[in-house]
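Presented below is the structure to which this report refers.
Fair warning: this is a prediction, and the values are worked out from it, not measured in the lab. FYI, the numbering just counts along the sequence from 1. Heavy atoms only: backbone and side chains are in, while hydrogens, waters and symmetry mates are out.
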Amino acid sequence: MVKAITDSEFQTKTAQGVSIVDFWAPWCGPCRMQSPIIDELSEEMEGQVNFFKMNVDEETKIAGEFGVMSIPTMVIKKDGQVVEKLVGFHDKDRLTEVLKKHI
């Protein structure tokens, strides 16, 4: 299950385990293409990876800290440390590959 996350929750919710945060906006076409893939992977990898979405129009602080200039951007954290940053649309196979190497 993909959960919405806010700037104030970001550090605590991504402090343990493997997390992916999808920075997106409702008006972004590639984000709308990415969303069903994120949803599908969240079901397939439940218990292994935490899936979050952050709306960059509403939550600007963390997106700014990560230098998010293009969306979708996905940040993968393991035990609170950023291990990957992916910019643009990524297909399911590519995301699966990236996530599995951090599990």
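Here V87 sits alone; no ILVMFWY side chain lies under 4.5 Å from its own, so it joins no hydrophobic cluster.
Side chains of Q48 and K100 form no contact here, defined as non-hydrogen atoms less than 4.5 Å apart. Side-chain contact between V49 and I76 is absent, with no heavy atoms from C-beta onward closer than 4.5 Å. You'll find the side chain of I38 reaches within 4.5 Å of the side chain of L95, heavy atoms only. Side-chain contact check for D39 versus F51: every heavy-atom pair is 4.5 Å or farther apart. Put simply, the side chain of V56 does not reach to within 4.5 Å of the side chain of W24, judged on heavy atoms. At a threshold of 4.5 Å between non-hydrogen side-chain atoms, the residues I20 and F52 do not count as touching.
Residue pairs meeting the salt bridge (charged side-chain N to carboxylate O under 4.0 Å, His left out) criterion with at least one partner in residues 41-51, sequence neighbours excluded, are E44-K92. Note on residues 79-89: pairs passing side-chain hydrogen bond (donor to acceptor under 3.5 Å, both in side chains), not counting sequence neighbours, are E84-K101, E84-H102. Listed by first and then second residue, the disulfide (SG to SG under 2.5 Å) pairs involving residues 41-103 amount to none (not counting sequence neighbours). Among residues at least two apart or in separate chains, salt bridge (charged side-chain N to carboxylate O under 4.0 Å, His left out) pairs with a member in residues 8-28 are D22-K53. Residue pairs meeting the disulfide (SG to SG under 2.5 Å) criterion with at least one partner in residues 62-103, sequence neighbours excluded, are absent. Annotation: disulfide (SG to SG under 2.5 Å) contacts involving residues 46-103, sequence neighbours excluded, are absent. Residue pairs that meet the disulfide (SG to SG under 2.5 Å) test with at least one member in residues 46-103, sequence neighbours left out, do not exist here.
By the side-chain hydrogen bond (donor to acceptor under 3.5 Å, both in side chains) test, T96 pairs with no residue at all, sequence neighbours left out. Legend: residues meeting side-chain hydrogen bond (donor to acceptor under 3.5 Å, both in side chains) with Q16, ordered by chain and number and at least two apart, are absent.
Between the side chain of Q34 and the backbone N or O of H90 there is at least one donor-acceptor pair closer than 3.5 Å.
The hydrophobic clustering, which links ILVMFWY residues whose side-chain heavy atoms are closer than 4.5 Å, places F89 and V98 together. Hydrophobic clustering, with ILVMFWY side chains joined whenever heavy atoms are under 4.5 angstrom apart, keeps I5 apart from V2. There is no path of hydrophobic side-chain contacts, each under 4.5 Å, that joins M1 to I37.
For the atom pair CD of E59 and CG of D7, the computed distance is 4.5 Å after rounding to the nearest 0.5 Å.
Between the side chains of T14 and K77, a donor-acceptor pair is found at a separation under 3.5 Å.
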Taking distance alone, no hydrogens or angles, what donor-acceptor pairs closer than 3.5 Å link side-chain atoms of residues 63-74 to residues at least two apart or in another chain?
unit_1 : atom_1 : unit_2 : atom_2 : d
E65    : OE2    : K61    : NZ     : 3.2
T73    : OG1    : S70    : O      : 2.5

Identify every side-chain donor-acceptor pair in residues 25-32 under 3.5 Å, counting partners at least two apart or on other chains, and give the distances.
unit_1 : atom_1 : unit_2 : atom_2 : d
W27    : NE1    : D57    : OD2    : 2.6
R32    : NH1    : P26    : O      : 2.9

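Of the listed residues (T6, V21, V75), just one forms a side chain to side chain contact (heavy atoms under 4.5 Å, CB included) with M54, and that residue is V21.
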